[in-house]
Amino acid sequence: MFWQVALGIAAAQLTHRRRQTIVSTMGVALGVGFFIATSSVMSGSEKDLTRRLVDNAPHITIKDEFRTAAKQPVYLAYPDATVKLTNTKPREYLRGIKNYGAIVEELSQQPGVIAEAALTGQAIVRYASKDVGASIAGIDPEKERHLTTVERDMREGSLMRLKTASQGIVIGRGMSVRLGLGMEDLATVVSPTGLVRRMKVVGIFSTGNLLLDEGQVYMLVKDAQVLLDKPFIANRIRIKIADPDDAEVFASRIESRWGYRSESWQEVNRDFLGLFAIRNTITYSIVGAIMIVASFGIFNIISTTVMEKRRDIAILMSMGFRAFDIQTIFLVQGVFIGLIGMLLGWGIGLVLLQMLASVEFTIPGMSEKQGIVLDRGFFQFALGGFFSVVSAVGAAWYPARKAAQVRPVDIIRGAT
Amino acid sequence: MSDPAPLLEARGVTRILQEAVPVTLVRDIDLTIGQGEFVSVTGPSGSGKSSLLYLLGLLDLPTAGQIFIDGIETTGLSANELAAIRLSRIGFVFQFHFLLPEFSVLHNVLLPMQRLGVLSDAEMMERGHALLEELDIADQAKKRPDQLSGGQRQRVAVARALANDPALILADEPTGNLDSKNSEIVQEIFAKLVRDEGRTVIAVTHEVGFAAATARNVHLIDGRIDSDTRR
């Protein structure tokens, strides 16, 4: 019964000043709409970038190095002693991961884990008297398919042909164009130690990344071992795990188990992830500011109503309405504006997303047209709606309290 | 003798406004008003007539003294308890009609009933129409207050005061804004409420004619009762 009265009075007052109500509701609706659009773009591009970071590269890379230089034995023998050594160098290790086969074997036994031993190094690819410096990656094509997206980026030939061709290489589109080196051509590959081998192009990929397209060469790990003169040596173990978010923990476990430096994708891309945090802060500050401005609109309309309706408040109180009833009447108006604003805002958000989704543009250096990646999550809508209702209630709270504090005697006496 | 508790009783009621210089509105008011009395409160302006009415109607709280309504002591009751008493037992009519402009005449009369929430919707409508009928404004039920004349609005305000069937009607200069014809109509309405329905009406007025028509007159001077005469 009470709600019937409170809602009735609130609705009557809102519809009585229709224009002001519409303006402040539109303020909330635009706030919600732009919140949804902005956070969809931001969250969408973040997810897209993260996905690329996660998919394009192994989740964890074990390298043939250590995080800290080896300590002199005397420090290990007397950890508490005060020792000073001069003119010593850390012990030199033979580069390469010792016993990599066993490590790969052990890692592969864990569910969802793909581990691949690889040998990387530098070489020069020569063809028709032109030279290009290249990063060599000796890999296992079977596993590489799952570790990176190179298989997807193949434009001619395939990664798997490395297994069947003898002395095959897979190069990038950029290198192919620069050297005029096409499929089935025989290139000369020269190692830093001077070894020269003739290798056949069995695949060409294009990732859109200039560095990779012009400088990366894939070959079988045993070919790389021969070329780089490192027989039975691998200097990278590349790992993909079931849940990329576990990579940091997994990497530190590996590092404490075998000692080799293990880099998770988060560690490698820390700057990127930090950038996301800053970007999100900026986004939500700006969108939050929009919502605050919108809530000022609500505050304004409710305050004005309370000022204008002091007589009505006084008579309602003299009739026997409680202070709480009066407060509710005005709070309900704020909630109503917030809810309607939320619904309209969802509509505006949907329209904005539709418009953004149809936008296409070309990034210089990329041949394909790019669309804006949107995150059309339920979450954006829920969050936008939540903010609108919270800000509406927050904005209505103070004027509603003021209304409840009206002393009817002051008003009635003043009116006579 | 065991008289039933009087409808309204004030004992030593004093109201002092705590300003920079304290202002005494009413002082040491002792007043007993029974069922079915028609009381006018008169006095020069600033004598505390309206202040006394607000105190008796529980709109304002006395600085000292007690007010009993139907034998219930109201001192120390919470604001919500006072509101509940106002809602069911007291009806106010002010100099200005104070009708809610967004609502129809009928809806204005329904508001106190809806807040009380005792009657069903159909019963409320029936009672609302009956009240408007009683006050001879049933044909205006669907109009908005600003489409009515001053006298009609004041009658709607009386109908609203009667909505929850209170025993006590408090009127503050109810004819102050009306021409003499409408003034007479409203006076007659109050007289009828007392005579035919046994309600108690306390009306503050500065009109000699109005005061003369009531059975009892309380005259205030400087916040004290100067005379309390029955005819």
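All values below come from the heavy atoms of this structure, side chains included, with hydrogens, waters and symmetry mates left out. Every chain is numbered from 1 and lettered A, B, ... according to where its sequence line falls, protein lines coming before strand lines.
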Q: Decide side-chain contact (heavy atoms from CB on, under 4.5 Å) for B/L59 and A/I412; before the verdict, give the C-alpha distance in whole Å, the side-chain angles of both, and the deciding distance to 0.1 Å.
A: CA-CA 10 Å; B/L59 276 183; A/I412 292 163; 4.1 Å; yes
Do other residues, nucleotides or ligands put more than 12 heavy atoms under 6.0 Å from [X] [atom1]?
| X | atom1 | answer |
| --- | --- | --- |
| A/F34 | CZ | no |
| B/N80 | CG | yes |
| B/Q147 | CD | yes |
| A/R310 | CZ | no |
| A/Y284 | OH | yes |

Q: Against chain B, label A/L316 side chain, backbone, both or neither, depending on which of its atoms sit under 4.5 Å from a heavy atom there.
A: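 For A/L316, the contact with chain B is made by the side chain alone.
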Atom pair [atom1] ([X]) and [atom2] ([Y]), whose distance is rounded to the nearest 0.5 Å:
| X | Y | atom1 | atom2 | value |
| --- | --- | --- | --- | --- |
| A/M317 | B/L87 | CE | CG | 13.5 Å |
| A/Q13 | B/L100 | CD | CG | 7.5 Å |
| A/M319 | B/R160 | CE | CZ | 4.0 Å |
| A/I411 | B/F98 | CD1 | CZ | 8.5 Å |

Q) Run the salt bridge (Lys or Arg N to Asp or Glu O under 4.0 Å) check on A/R322 and B/E81 step by step: do they pass? A) CA-CA 9 Å; A/R322 295 171 298 164; B/E81 287 165 326; over 6 Å; no
Q) When heavy-atom pairs shorter than 4.5 Å are enumerated against chain B, which of A/A314, A/G8, A/G320 gives the highest number? A)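 Heavy-atom pair counts peak at A/G320.
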(Q) Heavy-atom pairs under 4.5 Å with chain B - which of A/P408, A/S318, A/A12 has more of them than the others? (A)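 That would be A/S318.
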Q | Closest contact, heavy atoms only, B/R115 versus A/V5 | A |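 Closest pair (atom of B/R115, atom of A/V5, distance): N-CG2, 3.7 Å.
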Q: Please report the closest heavy-atom contact between A/I9 and B/F103, naming both atoms and the distance.
A: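 Scanning both residues completely, I find the closest heavy atoms to be CA-CZ, 3.5 Å.
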Q | Test: A/K309 and B/E102 ion pair at under 4.0 Å | A |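 Here A/K309 pairs with B/E102 in a salt bridge, since their nearest N and O are under 4.0 Å apart.
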**Q.** Options B/L99, B/L111, B/I90, ranked by heavy-atom pairs under 4.5 Å with chain A, top entry
**A.**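 Top count of heavy-atom pairs under 4.5 Å with chain A: B/L111.
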Q) Within 45 degrees of the axis of the six-membered ring of B/Y54 and under 6.0 Å from its centre: does A/R413 put its NZ or CZ there? A)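 Relative to the ring axis of B/Y54, which defines the angle, A/R413 lies outside at least one limit.
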